Amino acid sequence: MTLLTAHRAPSRLRVVAWRFFQSAQGRIGFAVLVLLFLLAFAGPGFSLWSYTDKDFTAFLSPPSAEHWFGTLQTGADVYAVTLRGMRKSLIVGLLAALVSTALAAVVGAFAGYFPGWPDRVLTWGTDLLLVLPAFLVLAVMSPLFGAGQWVLFVIMLALFLWMVTSKIVRGMTISLKQREFIQAARFMGVSPVRIIFRHIIPNLSSLLIVDATLNVSAAILTETSLSYFGFGIQPPDVSFGTLIADGSRTAIYAPWTFWFVAGLLVITVLAVNLIGDALRDAFDPASQRPR
Amino acid sequence: MTPVLEVTDLNVSFGDVLAVRGVGYSVRQGEVLGIVGESGSGKSVTSAAVMGLLPPGAKVTGSVRLHGRELIGARQRELTAFRGKTMSMVFQDPLSALTPVYRVGDQIAEAVRIHQKVTKEQAAVKAVELLDLVGIPNPAERALAFPHEFSGGMRQRAVIAMAIANDPDVIICDEPTTALDVTIQAQVLEVLKKAQRETGAAIVMITHDLGVVAGFADRVLVMYAGRPVEVGDVDDIYYGPRMPYTVGLLSSIPRVDRDGRQPLVPIEGAPPSPAALPPGCPFAPRCPMRVDACDAAEPPLFDVGPAHRAACIRWEEVRPRAAARHAVPVHLGELRPRQDRQVVLEVDGLVKQYPLLRGSVFKRRVGTVHAVAGVSFDVREGETLGLVGESGCGKTTTLMEILELTEPQEGRIVVLGHDTARLGGTDRMAIRRDMQVVFQDPLASLDPRMTVYDILAEPLRAHGRGNPGMRVAELLDLVGLDASHAARYPQEFSGGQRQRIGIARALALEPRLLALDEPVSALDVSIQAGVINLLDALKTELGLSYLFVAHDLAVVRYIADRVAVMYLGRIAEIGQVDAVYGAPAHPYTQALLSAIPLPDPVRERSRRRILLEGDLPSPADPPSGCRFRTRCPKFRAALTDDERALCVTVEPSVRLLDRDQGAACHYAEKLKVT
């Protein structure tokens, strides 16, 4: 810490990054997540089978040298489909969580900071989305999520995850606005939008990070349950959701069809939680500095 | 005479941290012992340990004897029998010491009925008597009120009434007046003295204010880092201290009775954390008289005189400080005469009112709070105007109105030659650059999530100065901090250092006018002196003008050139500091100045106090005519009925009495009070 001189601009970003990588939690979580991404994107290259291939000589066979994770009832290679599913789920989960938390923070903070019509409009919009049955809307819109439309799917998922957090953020912003350091910034001539992004949102970072980590699992699971009912990711494409849905039927007598997917899902969620915890500590100056 | 309460070798630890180490004292009947120390010195923990009120996690060893009965390790039932009967306590915060859902009279009656076999009716009568004794007007009626209907001073009186309800032998007062304004503090101290006369109890008075102790205590115990470092008769401690810490404390207090600009002498550094005490004498790292032997072992209490003990190995050489060690450069006389200098801030007839609304769905206006009712003053280049007054007088509202830079409800604010009513966006931005603010609580005014670098760079970035790196290092240097501190968060600094960061931020854009909102009132005295000196030095060095808002008149005397005393939204008296403090003309200023306790036992005992009656009237319903007349000693005693009629009907405006001293009183007369 003392090595940083004033000229090297010890700004918040630098300090937070430094503190994040100082903690074992943060390093492990980050490393695991990077490995998972590597596996999802580079992993399929090591196998002879792609996720669309079917091996008609081996239905529901256990793991072997030929099929590392075994095969499904259709003869599809479990290793190939799992990695393909992971690629989708990782992106959908992480992106949906980030988008929903960012939306919650921005909408909540603006609603709380600007009383009057911006607050009324934003609160009204939040309430509207809150009363719409999200699952039904997603189900109705699912035909749109065909091939290549996963971005739309992410946005829709995120749109139904942010409202409650946004309400909390709004309430906390109203109380934060009274604090002296916000007043000090105002009297210094800092613009309201800058105050929101530089003071209010960072001071809610503990809440937002916890919310984002929870949203990752929530997004993956929502996608899973949607896919389970046949909406969401459509065949021939696969996701964790579709794989777990299929695998759970054969899990008793062919455990490899289920446990590899489930295990990877658990590891993903765990890694995200580790990163979240470490980030929260890194942002929070009051927390014990890792030694 | 045997002591009523005797504490010997008391130790309190929370886990591994020793909060109190070897405290011992004794008080006899009718004696007042003052325990003095800065925050974190363990003085409140000591009293809680004596009362047996510490949480279960605390480990207490040593001995506390009340009338010879050991209290440490006594059963809870025995302690309960003592508490409130033989030994009672007055807490700092009177609001939290009273249960909000019970009537005040019932709470006092409850205290009586716990320890005395009396009927409900008898207890209620006793409660009214007690309220009368502590000087609450219409006690029978007020006994039926709830705590929130009482003002702060009245609540503290009620708590004192409760404490003396069972005629205790020992009353422990833990900062009983810290939360109160000076005029109310003077009232409450009077009540405490009366209560002591009535009950003959011994009082243990815990406070950080050396002035309060000077006039009240017979003996003083000074605590530092959980340990008594000096104990003795009050005169010995104040006039012949033998411990460098006591000397430092005494010379760092700003005094309202000293004119001329003598720089204060701060104690360098900050008090050690109880978890990481330095080896040897805990005060050694801050001590100006430190020698190598100080680090060898913690010094015991040496007998340095009759009933006077001090924990310093060099006590024989310790002398009360006469002259300052760090002379602050004072460039008086270099400034041009006041009328030739530019006006940097002009406030003329400023009015700020808040509507009082009732109802949740259909809000209707049921009244108006007149927070500021026509205030006028000006600040010229290079001078400091102190805006003083008790809480609720409108001084902070005035400051906020100026800082908002918008058109006031009534009146005019001119900042650096620009009328705020006619400001465009770019002009406002330019003024924001030239006028900066320092807040009261440095921890609250610095964003806890930002590093010091970001905090200091923020004003630079907001006004489009690129590459703040160099300037940040310069600023840290200017306020006496190290450039390597830039990567830390505000939490990692002590109170005084944080306030220095707040000052550095305010100076980042090289402003011309600095608005200071109680910048030192959250700091301990030894730290406060350093910040006052820094502000004073910066003013001359950078040619700044200050608008200094404070409730502490002594601090204002040190820093300000001119002072404006506010009462209930109006200026009562304004003028040059030495003129106003030397011979105040407004009865309120006189009462205010005479209420401030001086850290000088002999003068304090011989002083004539002008006690104000009652509390501040509500700003929603100010008295007609002169706002001060309901509490004015002159109105009450000195004026004839004809003269009073003028006070009731006509609101006085500030009238010039002297070259630079004006008072808003029809019958203003100069009077020397301190």
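On a predicted model such as this, the values are computed, not experimentally measured, just so you know. All chains are named by letter (A, B, ...) in the order of the sequence lines, taking the proteins before the strands, and each is independently numbered beginning at 1.
The contact between B:D441 and chain A is made by backbone and side chain atoms together, counting heavy-atom distances below 4.5 Å. Using a 4.5 Å cut-off between heavy atoms, B:R505 contacts chain A through its side chain alone, with no backbone atom that close. Contacts between B:M429 and chain A at a heavy-atom distance below 4.5 Å involve the side chain alone, from C-beta outward.
When all heavy atoms of B:S445 and A:A184 are compared, the pair lying nearest together is O-CB, 4.1 Å. The shortest heavy-atom contact between B:P448 and A:R179 is CG-NH2, 4.4 Å.
Other residues, nucleotides and ligands contribute at most 12 non-hydrogen atoms within 6.0 Å of the CZ atom of A:F30. Applying the 6.0 Å contact sphere to CZ of B:R365 captures more than 12 heavy atoms from other residues, nucleotides or ligands.
Annotation: the span from B:E404 atom CD to A:Q183 atom CD amounts to 7.0 Å, rounded to 0.5 Å. Rounding to the nearest 0.5 Å places CG of B:D517 at 7.0 Å from CD of A:E180. Expressed to the nearest 0.5 Å, how far CD1 of A:I195 lies from CD of B:E458 amounts to 7.5 Å. Considering CZ of B:R449 and CD1 of A:I200, their distance stands at 13.5 Å, rounded to 0.5 Å.
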- Take A:F187 and B:R432 through the side-chain contact (heavy atoms from CB on, under 4.5 Å) test and state the conclusion after the steps. CA-CA 6 Å; A:F187 293 146; B:R432 290 238 184 273; 4.0 Å; yes

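Counting only heavy atoms from C-beta outward, the side chains of A:R186 and B:L403 never approach each other to under 4.5 Å.
Between the side chain of B:H463 and the main chain of A:M188, a donor-acceptor pair closer than 3.5 Å is present.
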